[in-house]
Amino acid sequence: MTEGEALQFYRDLPKVELHAHLNGSISTSTMKKLMAHKPHLDIQNGMTMIEKGQKRTLEECFQMFKIIHQITDTAEDILLVTKDVIKEFAADGVKYLELRSTPRDTSMGLTKRSYVETVLEGIKQCKEEDLDIDVRYLLSVDRRGGPTVAKETVKLAEEFYCSTNELVLGVDLSGDPSVGHGKDFVDSLSEARRSGLKLALHLSEIPNQEEETELLLAVPPDRIGHGTFLTASTNIVERVKQQNIPLELCITSNIKGQTVSAYDEHHFGFWYNLGHPFLLCTDDKGVFATDLSVEYEIAAKTFNLNPDCIWDLSIKGIDYIFASEGIKKNLKEKWMQLKPKLLRRAL
Ligand SMILES: CNc1ncnc2c1ncn2[C@@H]1O[C@H](COP(=O)(O)O)[C@@H](O)[C@H]1O
Ligand SMILES: [Zn+2]
């Protein structure tokens, strides 16, 4: 395949995206639309996005989210961002998306509840446009909010889980990993789990979090985000293997946030060689200036994967979604319909 054909192959590859933070996924073109209404903020590209070849510390990345949150503080902003992000994932060949976002109270009148309602409205409006993408919502708990906010968010998630017919499926634990301690969230996360919500937890995104990771593994999570430093402890690796918990791996995010020093040192290699379940994800396609098709291409190039291996990676992702078995079956059928044409072209 030529370079151009390869890019088109990864774009046409049907994909599942399970780790995408809404406010981290805003594209440059959507950012321009938002900024047109907020010239007083005087925010330039480099303040909300890390260009190709550039890197930041993780701390700097979290500063960027603070800036982005100033730009998305009205219901109109959140509706626009939700719809644009969904359309962009659909255009990149994503057929099933679990979008995650932190319910937020803002000075512009949003409450945590109306925030969630607005995201759901965006999902609904996209559905009415007949895009070829199935979108679900996971409510994020930001570590910065501590146990009280976590409890509040879980309560909201439980309510919407009951009222939205499988649109809200779970809860995510995210936010700056250097802030707070996982033990503060064990109670609310366990409560969420008892209610039937699924859990996607960022674990060991930075080094030396063995104690917290062990505590959170006991909840247990249904999926692990990043897990970059899980491999530092053989005990923890054994537990993750034994519990067979799928990992959400975000290569560009880890490189640009500098928790992984080079592509070929990414923990993708470790888990791939073990045959452990995992899926490629974008994390924040806006902030890290990437796309899911680009993540597949990077993995293929770095770890020498042929189109058949890439296909297997993508279809296996269906097993790790939080929606029901019926949805998984339908998605697998969709994948199988697309397979012959796609792989014939890749020969
Ligand atoms: C880079 N690695 C990461 N690690 C942990 N949390 C992250 C993250 N990237 C994003 N977030 C979480 O997602 C929020 C932005 O989207 P929402 O406002 O929720 O839609 C960030 O404020 C942070 O809490
Ligand atoms: Zn994340």
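First listed ligand is number 1; within each ligand, the first listed atom is number 1.
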For atom 5 (C) of ligand 1, what is the nearest protein heavy atom, given as residue, atom name and distance? Gly175 O, 3.2 Å

Using salt bridge (charged side-chain N to carboxylate O under 4.0 Å, His left out) as the criterion, list what pairs up with Arg136, not counting sequence neighbours. Asp134

Is the contact between Asp283 and ligand 1 made by the side chain, the backbone, both, or neither, using heavy atoms and a 4.0 Å cut-off? side chain

Can you check which of His21, Arg144, Arg100, His69 brings a heavy atom nearest to atom 18 (O) of ligand 1? His69

Those residues that, when tested against Ser188, pass side-chain contact (heavy atoms from CB on, under 4.5 Å) (two or more places apart): Ala150, Val154

Working to the nearest 0.5 Å, report the span between CG of Leu216 and CD of Glu211. 10.5 Å

Which ligand 1 atoms, with their elements, are less than 4.0 angstrom from a heavy-atom of Leu22? 20 (O)

Main chain of Ile71, side chain of Lys38: is a donor-acceptor contact present, judged purely on distance under 3.5 Å? yes

So, regarding Ser101 and ligand 1 (criterion: nitrogen or oxygen to nitrogen or oxygen, under 3.5 Å), is there a contact or not? yes

Donor-acceptor pair between Thr72 and Arg104 side chains, under 3.5 angstrom: yes

Among non-hydrogen protein atoms, atom 9 (N) of ligand 1 lies closest to Asp284 OD2, 2.8 Å

Please list, in number order, the atoms of ligand 1 under 4.0 Å from a heavy atom of His202. 4 (N), 5 (C), 6 (N)

Could I get the full list of side chain to side chain donor-acceptor pair (under 3.5 Å) partners for Lys285, not counting sequence neighbours? Glu88

Closest non-hydrogen protein atom to atom 15 (C) of ligand 1, residue and atom name please, with distance? Phe65 CD2, 3.8 Å

Tell me which protein heavy atom sits closest to atom 19 (O) of ligand 1, plus the residue, atom name and distance to 0.1 Å. Thr102 OG1, 2.5 Å

Between Gln125 and Glu121, does any side-chain donor sit less than 3.5 Å from a side-chain acceptor? yes

Has ligand 1 got any nitrogen or oxygen that is less than 3.5 angstrom from a nitrogen or oxygen of Asn23? yes

Answer yes when Glu297 and Lys301 have at least one side-chain N-carboxylate O distance shorter than 4.0 Å, and no when they do not. yes

Side chain, backbone, both or neither: which part of Glu205 has a heavy atom under 4.0 Å from ligand 1? side chain

Arg223 bridged to Asp172 by N-O distance under 4.0 Å: no

Between the side chains of Ser101 and Tyr115, is a donor N or O closer than 3.5 angstrom to an acceptor N or O? yes

So does Glu5 pair up with Arg345, basic N to acidic O under 4.0 Å? no

Spell out the protein N/O/S atoms under 2.8 Å from the Zn ion (ligand 2) as residue plus atom name. His19 NE2, His21 NE2, His202 NE2, Asp283 OD1

